[in-house]
Amino acid sequence: MKVLMTEYLRIDLDSEKWECRVCDHEIGPANKGYKEGMLVYDRDPREIHPPIIDPEKYRFTFSPDPEWVRILEYYCPHCGTMVETEYAIPGHPPLHDMQPDLPALRAQWAKREEIAKPVVGPEVLADQGHSH
Ligand SMILES: [Zn+2]
């Protein structure tokens with residue numbers, strides 16, 4: 001049984017591993033953070049949020065100071081899909097953002113059918129007889 005966790009991550013409850021939903025790559029043990037199995041791009045925040053006023057004239061330019069913030073991008077090492085991004089303090093370890101309770105997850109899904117793709121609601125039709 002595989003359980004969807006995020007748009008790009010799922011957990012295989014049989015192997016207890018994180019997997020990439022795009023390429024099926026086995027990322028790592030589900031009892032550890034998935035980020036340990038990802039490629040990390042430590043971005044200069046000025047690349048993402050460039051100054052909106054002249055940095056030659058002003059100290060504060062509405063662009064994040066790279067000495068105070070960094071942007072970490074996490075990519076699947078097999079297919080290159082960007083799985084997660086986070087704003088972090090330089091020198092601080094990556095946030096441990098998901099710690100699934102595997103026995104509880106297994107019990108929750110014991111009587112359910114596996115969902116391979118997200119469930120999508122009905123399409124909204126443009127003309128359903130509404131008159132205004
Ligand atoms: Zn992948």
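Both ligands and their constituent atoms are indexed starting at 1 by order of listing. This structure is a prediction, so every number in the text was calculated from the model and none was measured.
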field: Qualifying residues under ring-ring contact (aromatic ring centres under 6.0 Å, His included), relative to His78, sequence neighbours excluded
entry: His25
- request: Please identify each residue that fulfils salt bridge (charged side-chain N to carboxylate O under 4.0 Å, His left out) with Lys35, with sequence neighbours left out.
  value: Glu86, Asp97
query: Are there more than 12 heavy atoms of other residues, nucleotides or ligands under 6.0 Å from atom CD1 of Ile52?
result: yes
- prompt: Can you name the side-chain hydrogen bond (donor to acceptor under 3.5 Å, both in side chains) partners of Arg106, sequence neighbours left out?
  reply: Glu16
Member of Ile48, Asp42, Leu39, Val40 meeting the side chain to side chain contact (heavy atoms under 4.5 Å, CB included) criterion with Glu73: Ile48
message: Listing by chain and number, which protein N, O or S atoms are under 2.8 Å from the Zn ion (ligand 1)?
response: Cys20 SG, Cys23 SG, Cys76 SG, Cys79 SG
field: Gln99 atom CD: more than 12 heavy-atom contacts under 6.0 Å
entry: yes
